[in-house]
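What follows is one structure encoded as structure tokens, with my remarks underneath.
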2 protein chains.
Amino acid sequence: MKAADLVWARGVGATSLDDIRAGSATSKSQLFHYFPGGKSELISAIVTYQGERVLDAQRPYLDALDTWDGWEGWRHAVLAHYGSQVHWGCPISALARELIGLDEERAKESKMYMDRWRGYLYDGLLRMREAGTLKPFASPESLSLSTFASLHGGLLLTQTMQSIRPLESALDGALELLHTAAATQ
Amino acid sequence: MKAADLVWARGVGATSLDDIRAGSATSKSQLFHYFPGGKSELISAIVTYQGERVLDAQRPYLDALDTWDGWEGWRHAVLAHYGSQVHWGCPISALARELIGLDEERAKESKMYMDRWRGYLYDGLLRMREAGTLKPFASPESLSLSTFASLHGGLLLTQTMQSIRPLESALDGALELLHTAAATQ
DNA sequence: AAACTAATGGACTGTATGGTCCAGACCTCG
DNA sequence: CGAGGTCTGGACCATACAGTCCATTAGTTT
């Protein structure tokens, strides 16, 4: 999906259908043949594509966030994935942000990916607490929010600073914070 | 600055000069009279306005981030400021993000505000380490990055979740993390 | 090969946008 | 009062965009 990368690099509003047509070596009629709903439907497909891609890159760790090894693996997968991309930042949060107040329907779709994503962190933390790995009064809700915030803040800074460093620091800090909620044994 | 809020709500690309004209009850010629450089110059003014506004909202704590009380006050000021705004999220990071690859010159301006902002955190942490409040091997660089990432991630989630909760959790987590770097006395 | 259908290119249209320009209102000063 | 200059409204222009349409090609069936 070359279109997805174009939109990632330049944003939804700044990417015209002509840009996409030129980048994909097809014609306008082709574009509307495959996406009868026009740009909105194209964006929808891009949201799905990027959402799945981002989640896939974190597998199988997303389902293993109930052990410290799982979290370590996840951290490594995230850094490897975003470090290997051509563009900085996270396409999903960028789409979610831009689509708010531009295309409410597509914004919902990208928000859904954000929710699913955080859901994996939440589920892992919940299982950790139930297993006694975390303190009984640790809040999976709060911890998942702060961890998810660190992740996306790190990704955002990645973009403004053009470096992977902030993401590393953010994830290191987030994991260290999780450890402070570990049950003392 | 009504224009600043319009751009905050809808983004640079999705806000036309006509929208701004309508919102400010003036005419096109007025707009170009005050901003001969056109939209780019208008955006530049908005960046400056929002940048100063955001930093002002955190004063006087920005210069007091070398004590735990200072950090508490800062956390409170940030929550109060963003909780009282009409729109969610942070205008500066939103501008910085959108302007990358749209107007390189203005992107630099907004990135500058991000850098200045983080600089305050860094300076405070550096003074804390020098004063022995932090462990000698604590890294102001890393800590400022992770704290700043938490802040901006929290603000981003504020926007996708339409709630102040993620920002609260993010800041709480960030401050708790700072405390783990405190010198044990 | 003829007849028919589906895919394809790209010219075309209506609209919105950033930006220009000029006619007239409104001051200022002699 | 009136000449000179400045400010202001909004009509206007060129361009870029999303989306439509039709003539032609390519493929399939008989």
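Every chain is numbered from 1 and lettered A, B, ... according to where its sequence line falls, protein lines coming before strand lines.
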In B/S/- notation (B base, S sugar-phosphate only, - none; protein heavy atoms under 4.0 Å), nucleotides 9-23 of chain C written 5' to 3' is BB------SBBBB--

Going by ring-ring contact (aromatic ring centres under 6.0 Å, His included), name the pairs with one or both residues in residues 75-96 of chain A, residues two or more places apart or in two chains.
A:W8-A:H87

Taking the hydrophobic residues Ile, Leu, Val, Met, Phe, Trp and Tyr, and joining any pair whose side-chain heavy atoms are under 4.5 Å apart, which ones share a cluster with B:Y122?
B:L126

Only counting residues at least two apart or in another chain, list the ones meeting salt bridge (Lys or Arg N to Asp or Glu O under 4.0 Å) with A:D69.
none

Going by the rule salt bridge (Lys or Arg N to Asp or Glu O under 4.0 Å), which residues pair with A:R97 if we only count those two or more places apart in sequence or in a different chain?
none

Using the test side-chain hydrogen bond (donor to acceptor under 3.5 Å, both in side chains), find all partners of B:S150 that sit at least two apart in sequence or belong to another chain.
A:S150

Contacts of type side-chain hydrogen bond (donor to acceptor under 3.5 Å, both in side chains), residue B:R10, not counting sequence neighbours
B:D19

Quick check for you: name the first and last nucleotides of DNA chain D, 5' to 3', having an atom under 4.0 Å from a heavy atom of chain B.
D:dT8 to D:dG10

Relative orientation of the end axes in the helix from C:dA1-D:dT30 to C:dG30-D:dC1, expressed as an angle to the nearest 10° (five pairs per end):
0°

Partner residues of A:R21 under the side-chain hydrogen bond (donor to acceptor under 3.5 Å, both in side chains) criterion, sequence neighbours left out:
A:D18

Inter- and intrachain pairs under ring-ring contact (aromatic ring centres under 6.0 Å, His included), touching residues 123-158 of chain A, at least two apart
A:W117-A:F148, A:W117-A:H152, A:F148-A:H152

Does anything in residues 38-62 of chain B form a ring-ring contact (aromatic ring centres under 6.0 Å, His included)? List the pairs, not counting sequence neighbours.
none

For the ring pair B:W71 and B:W74, is the centre-to-centre distance below 6.0 Å?
yes

Need one value for A:F35: base, sugar-phosphate or nothing, where a base atom within 4.0 Å counts as base even if backbone is also close, heavy atoms only.
nothing

